[in-house]
A.B. asks: 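Encoded as structure tokens, here's the structure I'll be asking about.
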Amino acid sequence: MKLKTLIPTLALLWSGQHSFGQAHNVSSGYQKPTDPLVIENLEQWQDMKFGLFMHWGTYSQWGIVESWSLCPEDEGWTQRKPEHGKNYFDYVKNYENLQKSFNPTDFDPKKWADATKAAGMKYVVFTTKHHDGFAMFDTKESDYKVTSPNTPFSQNPKANITKEIFNSFRNDGFKIGAYFSKPDWHTDFYWWNYFPPKDRNVNYDPQKHPERWEKFKNYTYNQLNELTSEYGKVDILWLDGGWVRPFKTIDQSVDWQRTIKVEQDIDMDRIGNMARKNQPGIIVVDRTVPGKWENYVTPEQAIPEHTLDIPWESCITMGNSFSYVPNDQYKPTKKIVETLIKIIARGGNYLMNIAPGPNGDYDQAAYDRLKELASWIQINQGAVYATRPVAPYHEGDYYYTRSKDSKTVNVFHIVEGDSYKQPTEFTFNVPDNFKIKDMSILGHKGKLKWTQRENKIIVKNPSTKLNYATVIQLKSK
């Protein structure tokens with residue numbers, strides 16, 4: 001079954017330091033999964049609402065954008081620092097030599113799992129390999145990996161970072177997501193050293209060199225086979241690098257897709273079927289490539305302006321960068337709460353990125369935000385999880401969700417600005433034909449004074465002081 005869905009324009013929330021180079025369109029075609037286990041997993045995932053994204057690799061030592069400084073096309077927003085290399089080739093050599101000093105001895109994934117679970121996150125997506133090709137897992141396909149003898153951290157009992165993260169978060173009840181970059185700028189099978197790289201794409205024509213492309217396809221397949229067969233239960237395979245795709249799927253209205261000049265079909269049927277054999281029911285997210293292997297869509301650093309009738313997730317950074325940058329500016333907790341509310345009111349999930357530093361831990365500012373989030377989530381979780389959008393979705397300062405049985409409607413009140421100020425009265429409309437039996441403000445003990453005229457509700461604000469947002473919960477008759 002193919003749903004031709006018109007995707008609304010995306011409203012950019014923040015222009016991070018690399019939002020242009022990594023901007024991803026939302027695919028305009030969506031094919032609904034038919035596998036009952038995938039449908040069930042997708043439903044559970046949509047109930048979870050809030051997830052943790054982590055970009056981490058050797059690049060954290062330089063405090064730079066992940067991978068992209070290796071790519072000639074994007075010099076404008078990933079300018080190489082002269083101290084990292086006199087010219088491009090020196091820079092690449094020095095970048096790859098970061099493997100030889102990567103030793104994040106403060107790495108403690110249980111600390112992350114505990115802090116993010118308390119803050120309300122229910123699933124994790126970790127960068128097992130980014131475009132630079134450095135594997136944060138023990139792949140047998142390459143020595144450019146965290147467990148190589150060339151990497152000091154390989155001597156650590158927690159050297160297989162992906163395994164440690166997956167186990168710790170799984171033990172804390174999280175769904176597990178493996179981010180994996182289809183393009184690999186380290187292997188000679190993708191960026192062949194016979195040619196210099198020109199842009200993010202393969203630097204040779206796979207149709208002229210089919211034997212080399214076949215080796216790349218097998219290399220990728222084998223790494224994904226490792227990740228889906230040797231690391232316990234994996235619930236989501238999150239594939240990035242949408243330029244590695246069949247040529248016929250290119251959307252010429254998208255700038256970065258117009259840079260794809262050659263066929264880069266990696267045989268997603270072979271990969272997807274293998275992943276489903278290893279992990280029955282796994283959600284596969286082949287980003288920006290519409291079809292049966294893009295089980296949900298992934299706007300980046302943006303929230304759709306309206307509800308979408310397909311599964312979706314916005315990946316948005318807690319700071320300005322997906323990767324660790326010294327002295328990054330972390331978003332206030334109030335902004336994070338507002339972002340969560342806007343996303344779930346439009347039917348999506350919020351995948352918030354926190355980047356570990358070279359020592360193997362988050363900045364203290366990230367823990368501060370998580371602790372503040374935990375206080376808000378503890379009070380308001382009943383309006384967040386296992387909810388779906390409901391008309392009127394959003395009116396003024398009010399955003400709506402409903403329980404899946406439609407017997408509860410949650411009305412979120414937010415105020416733009418640096419601080420949250422509660423009004424003397426909350427005034428909003430209820431969904432059509434919703435008959436109110438009971439009403440409460442989450443976090444407030446006691447009765448509310450309220451009146452109703454047709455669909456319009458006026459609630460007198462009680463004296464309870466609430467942070468970031470107020471949730472008014474309505475129960476139906």
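Just the heavy atoms: all of them, side chains too, but no hydrogens, waters or symmetry mates, feed the values below.
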A.B. asks: Would you say the ring centers of Phe166 and Phe126 fall short of 6.0 Å from each other?
C.D. replies: no

A.B. asks: Quick one: does any side-chain atom of Arg369 pair with a main-chain N or O of Tyr330 as donor and acceptor, under 3.5 Å?
C.D. replies: yes

A.B. asks: Please determine whether a side-chain nitrogen of the Lys or Arg among Lys198 and Glu73 lies less than 4.0 Å from a carboxylate oxygen of the Asp or Glu.
C.D. replies: no

A.B. asks: Relative to the ring of Phe174, is the ring of Phe169 parallel (under 30°), tilted (30 to 60°) or perpendicular (over 60°)?
C.D. replies: perpendicular

A.B. asks: If only side-chain N and O atoms count, and only distance matters, is there a donor-acceptor pair under 3.5 Å linking Asp368 with Gln364?
C.D. replies: yes

A.B. asks: If we count only N and O atoms by modelled type, under 3.5 Å, do the side chains of Asn103 and Thr105 hold a donor and an acceptor together?
C.D. replies: no

A.B. asks: Just to verify, what does Asn41 make a side-chain hydrogen bond (donor to acceptor under 3.5 Å, both in side chains) with, not counting sequence neighbours?
C.D. replies: Lys175

A.B. asks: Asp328 and Ser321: side-chain donor and acceptor closer than 3.5 Å?
C.D. replies: no

A.B. asks: Thinking salt bridges, do Glu230 and Lys140 make one under a 4.0 Å N-O criterion?
C.D. replies: yes

A.B. asks: In terms of side-chain geometry, is the basic nitrogen of Arg258 or Asp255 positioned less than 4.0 Å from the acidic oxygen of its partner?
C.D. replies: yes

A.B. asks: Not counting sequence neighbours, which residues clear side-chain hydrogen bond (donor to acceptor under 3.5 Å, both in side chains) with Lys277? List them please.
C.D. replies: none

A.B. asks: Between Arg346 (side chain only) and Pro389 (backbone N and O only), is there a donor and an acceptor less than 3.5 Å apart?
C.D. replies: no

A.B. asks: Between Asp235 and Lys233, does at least one N-O distance fall below 4.0 Å, as a salt bridge requires?
C.D. replies: yes

A.B. asks: Considering the options Lys145, Glu141, Lys129, which one meets the side chain to side chain donor-acceptor pair (under 3.5 Å) requirement together with Gln223?
C.D. replies: Lys129

A.B. asks: Closer than 4.0 angstrom, basic N to acidic O: yes or no for Glu338 and Lys334?
C.D. replies: yes

A.B. asks: Can you confirm whether the side chains of Tyr59 and Asp132 place a donor and an acceptor under 3.5 Å from each other?
C.D. replies: no

A.B. asks: Quick check for you: to the nearest 0.5 Å, what is the distance between Asn353 atom CG and Met54 atom CE?
C.D. replies: 9.0 Å

A.B. asks: Check the orientation of Tyr144 and Phe134. Use parallel for under 30°, tilted for 30 to 60°, and perpendicular for over 60°.
C.D. replies: perpendicular

A.B. asks: Roughly how far, to the nearest 0.5 Å, is CG of Asn295 from CD1 of Ile283?
C.D. replies: 7.0 Å

A.B. asks: For Trp112, run the ring pair (Phe, Tyr, Trp, His ring centres under 6.0 Å) check against Trp56, Phe53, Tyr367 and tell me which one passes.
C.D. replies: Trp56

A.B. asks: Do Ser323 and His55 have side-chain atoms, one donor and one acceptor, less than 3.5 Å apart?
C.D. replies: no

A.B. asks: Have Tyr219 and Asp184 got a donor and an acceptor in their side chains that come within less than 3.5 Å?
C.D. replies: yes

A.B. asks: Quick check: does any side chain N or O of Ser314 sit under 3.5 Å from a backbone N or O of Thr298, one acting as donor and the other as acceptor?
C.D. replies: no

A.B. asks: Between Glu43 and Lys404, is there a salt bridge with N-O shorter than 4.0 Å?
C.D. replies: yes

A.B. asks: Does a side chain donor of either Tyr123 or Glu313 reach within less than 3.5 Å of an acceptor in the other side chain?
C.D. replies: yes

A.B. asks: Between the side chain of Tyr204 and the main-chain N/O of Phe189, is any donor-acceptor distance below 3.5 Å?
C.D. replies: yes

A.B. asks: Using a distance-only test with no angle check, is there a side-chain donor-acceptor pair under 3.5 angstrom linking Tyr194 and Asn203?
C.D. replies: no

A.B. asks: Do Arg270 and Asn218 have side-chain atoms, one donor and one acceptor, less than 3.5 Å apart?
C.D. replies: yes

A.B. asks: Are Thr228 and Gln279 linked by a side-chain donor-acceptor pair shorter than 3.5 Å?
C.D. replies: no

A.B. asks: Among side-chain atoms of Asp199 and Asn201, is any donor-acceptor pair under 3.5 angstrom?
C.D. replies: yes

A.B. asks: State plainly whether the residues Asp265 and Lys248 are in salt-bridge range, i.e. N to O under 4.0 Å.
C.D. replies: no

A.B. asks: Can the ring centroids of Trp238 and Phe180 be said to lie less than 6.0 angstrom from one another?
C.D. replies: no

A.B. asks: Check each of Lys110, Lys111, Lys117 against Asp172 using the salt bridge (charged side-chain N to carboxylate O under 4.0 Å, His left out) test, and report the only one that passes.
C.D. replies: Lys117

A.B. asks: Donor-acceptor pair, distance only, cut-off 3.5 Å: does the side chain of Thr162 make one with the backbone of Met136?
C.D. replies: yes

A.B. asks: Looking at Asp286 and Lys182, is there a salt bridge between them, counting it only when a charged N and a carboxylate O are closer than 4.0 Å?
C.D. replies: yes

A.B. asks: Consider only side-chain N and O atoms of Arg276 and Asn273, and report whether a donor and an acceptor are under 3.5 Å apart.
C.D. replies: no

